[in-house]
2 protein chains.
Amino acid sequence: MLLTDECSYGRRMSSPPGSPGDVLTLISAGSATTRSDLARVTGLARSTISQRVDALIERGLVEESDSGESTGGRPPRQLRLHTDEHSVAGVDLGATHCRVALMDLTGAVLAESEEPLHIAEGPEAVLPQVDRLVDQLLAEVGRPRAGLRSLGIGVPGPVEFATGRPNNPPIMPGWNDYPIPDYFRGPTVLVDNDVNVMALGEHRNAFAGTGHLLFVKVGTGIGCGIVTEGALHRGASGSAGDIGHIRVSGHEEAGCRCGNSACLEAVAGGAALARRLTELGFPAESGADVVRLVQSGNTQALRLVREAGRLIGEVLAGLVNFFNPEVIVIGGALSRVHEHLLAGIRETVYRRSLPLATHHLTIVPSRTGVNAAALGAGILAIEHYLSPENINRIINA
Amino acid sequence: MLLTDECSYGRRMSSPPGSPGDVLTLISAGSATTRSDLARVTGLARSTISQRVDALIERGLVEESDSGESTGGRPPRQLRLHTDEHSVAGVDLGATHCRVALMDLTGAVLAESEEPLHIAEGPEAVLPQVDRLVDQLLAEVGRPRAGLRSLGIGVPGPVEFATGRPNNPPIMPGWNDYPIPDYFRGPTVLVDNDVNVMALGEHRNAFAGTGHLLFVKVGTGIGCGIVTEGALHRGASGSAGDIGHIRVSGHEEAGCRCGNSACLEAVAGGAALARRLTELGFPAESGADVVRLVQSGNTQALRLVREAGRLIGEVLAGLVNFFNPEVIVIGGALSRVHEHLLAGIRETVYRRSLPLATHHLTIVPSRTGVNAAALGAGILAIEHYLSPENINRIINA
DNA sequence: CGGACTTTGTTCGATGATCGACGGAAGTCC
DNA sequence: GGACTTCCGTCGATCATCGAACAAAGTCCG
């Protein structure tokens, strides 16, 4: 038999979009903000919609706001997410910092804060700090801990998303296979790679209509988050997007911490640029120092950044041919000097990729800024909590 | 507002799998072959399932076969797709050939045939030949044209899948923007790139449980089909998978027909290998000649194929880091000498990719053979016709 | 060999979800 | 201020689904 059991891929179960969860999705997405809108969009009877909405209001998930504009008759009552009693938090765990954003279910940031820490001290030391930060933010805005529905965490290393366990993370000693969600009692905890959540945040925040997007983070290292059909692509073992160790031509001398040579990261990452600037007599330790040198007008730094852009562009040119994205977003510490970085990237991509693939391609700097990861982690949490399945579960409970 | 209208991505409408289309999907996939199975799997009442199945039988989509094994009680009546009255055809259009496979809805090949043609003569000349071949096959097995439900066509160039129009195909003069589906009256026509349908065929045929798969076709040129979450990834402009023009290091001298140099295809494609063998004094015109030389024990040809494998492996190593597939399948004309090609590919991929990405990666030769494209095109057609949405439409009509 | 038991599949009344018609509410337009 | 439009809740009718009961078709065992 050709069409075997597991082959039901690609043929999703059909569904007339009708359940309470679907209704809430439409409300939260803004696709339909009134009862009659919902009836039109879903095709359900107005009476049915009223009943669904009532259930959502009763559970405290939806609220009515003031009436909207009349179009010649009775003005419709606007519906929106009831945000007061639900909070989520997005956590951006870096090598030496932790940034937390407390958000409501619309994705609006209620409060945020950042604190230095050392992730290398291990989960037993770090996670209590995260927990405390979240509690501080909740206290700051006067919301109860019980209202925290979900927690999204971005960590600087590969993660098995389904279980929330880091998978041999190079810069997170002590975290391998540690079940991060188990530490937090109460809210559902989702853990993903930091670049993935940045990609998600950027997509939802600035490129929501885009089907296929790549988010490239150029910091100490170089990584990439992949959004396909609006969802994150994590790959077979959760390591997708690790473009920092793709080989670039003409740099065989550059050894990389991964054991190979000529890795993109080893020649165009922030650490590599800092090292080369130091060799040239301009002391620099990190990507931030490189940015500072560029901003102070150092021509060597500028040249190196532009050359790094070309090298990144060479790798991206191949990925554009392969993946055919609609948008590439450049983020990370070095994107602060994005004019120079982007110039090199664009130059190479448009020269080395196929015309068909670049025809509708745009390459832009990140619009989300320093809290992209925390925001993206929060969005991961929100979308989990507001997923139709989860809402239906809540309604039927 | 953060979560904008188009943001409903990634939150699919929820669905208790229950419609007649879903039931048929389960039957065709073999997930449930009896009424009680269906009740267990879907969670619906046995009476409801009986009603659904009756409707499907009445429409001629399902039939009962002889009873199955008893497990201590009344033996269940086996259900299966009613194949007699439905046919689909898969068409593999190449540069100089056309191969058609007539299939039933289970994917079983009823008849197939191949004929030389020149795609460069344009659609007005080629499509009548395709039509005639399909009719011949139908006559051969004694099935009426009216039973032909859907037609899948793989063409050697980029296609806008939604409309079935080729998009500036390099080797298909006269086909640009030609609406192929309009030519055929009656069956639904789906047109896709040939490598895409090969990837689909290989996935459904041999790797149905695999989530993320790459199919690499090494023939005159080099292309790649991408299967993600069981579905084809076509990219923003339908050109995804075009890896033949990714740059490889150390071959700046090799000019490519695309206008760039050092393209993978220009150094490792069948045409390039044939040219270099000719230069070495072993006349060869195509990939087939290269294969013949290798099989006859020519050491130069063998060396070149292995070296080509290394170059392909260099590109694939990057794509493995980026995409993190579970399986890479090597097909195309040159895969007939896959021992040598695979040796080079494996060697390079496992050396240049990250351990986490290669840990569960397998690289294998195609199991499907020469009619992979026709088979895959047929599967494309079948899955369209059997999609729950389409079946529900048929039932409700 | 025959009755107890098991599993399958159908029939049919009960149930519950959804619909559509109706009417009241709340605005605009002339 | 009345006609009109649109919005929204109510309520009986309708339709899909369910579950119990029953018939069918086998196994198991004394």
Listed partners of A/Glu112 passing side chain to side chain donor-acceptor pair (under 3.5 Å), at least two apart:
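Side chain to side chain donor-acceptor pair (under 3.5 Å) check on A/Glu112 returns A/Asn371.
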
Phosphate-side-chain proximity, A/Arg40 and D/dT6, N/O vs OP1/OP2 below 4.0 Å:
no

Are B/Arg35 and C/dT10 close enough that a side-chain N or O sits under 4.0 Å from OP1 or OP2?
yes

Once the angle between the rings of B/His212 and A/His233 is folded into 0 to 90°, is it parallel (under 30°), tilted (30 to 60°) or perpendicular (over 60°)?
perpendicular

Whole angstroms only, please: what is the [atom1]-[atom2] distance between [X] and [N]?
X: A/Ile57; N: D/dG9; atom1: CD1; atom2: P; value: 8 Å
X: B/Arg77; N: C/dT7; atom1: CZ; atom2: P; value: 18 Å
X: A/Glu69; N: D/dT5; atom1: CD; atom2: C1'; value: 15 Å
X: B/Gln78; N: C/dT7; atom1: CD; atom2: P; value: 17 Å
X: B/Glu64; N: C/dG9; atom1: CD; atom2: P; value: 8 Å
X: B/Asp22; N: D/dT17; atom1: CG; atom2: P; value: 11 Å

Begin from the C-alpha positions of A/Arg234 and A/Asp192 and carry the test salt bridge (charged side-chain N to carboxylate O under 4.0 Å, His left out) through to its verdict.
CA-CA 9 Å; A/Arg234 300 188 172 92; A/Asp192 205 338; 2.8 Å; yes

Near DNA chain C, under 4.0 Å by heavy atom, which residues of residues 48-56 of chain B?
B/Ser50

Only pairs under 3.5 Å count here: list side-chain donor-acceptor contacts from residues 55-63 of chain A, not counting sequence neighbours, and write none if there are none.
from	atom 1	to	atom 2	distance (Å)
A/Arg59	NH2	A/Ile395	O	3.4
A/Arg59	NH2	A/Ala397	O	2.6
A/Glu63	OE1	A/His82	ND1	2.9
A/Glu63	OE2	A/Arg80	NE	3.1

Heavy-atom contacts, protein to nucleotides 21-30 of chain C, under 4.0 Å, summarised as B (base), S (sugar-phosphate only) or - (none) per nt, yield ---BBBBS--

Would you compute the distance between atom CG of B/Asp54 and atom CD1 of B/Ile49 and round it to the nearest 0.5 angstrom?
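One finds 11.0 Å between CG of B/Asp54 and CD1 of B/Ile49.
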
With rounding to the nearest 0.5 angstrom, report the CZ to CG distance, A/Arg393 to A/Asn390.
4.5 Å

Regarding A/Arg143 and A/Glu85, does a basic nitrogen lie under 4.0 Å from an acidic carboxylate oxygen?
no

Considering residues at least two apart in sequence or located in another chain, which fulfil the ring pair (Phe, Tyr, Trp, His ring centres under 6.0 Å) criterion with A/His384?
none

Under the salt bridge (charged side-chain N to carboxylate O under 4.0 Å, His left out) definition, can you give me all pairs with a residue in residues 30-44 of chain A, not counting sequence neighbours?
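Checked against salt bridge (charged side-chain N to carboxylate O under 4.0 Å, His left out) - neighbours excluded - the pairs reaching residues 30-44 of chain A are A/Arg35-A/Glu64, A/Asp37-A/Arg40.
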
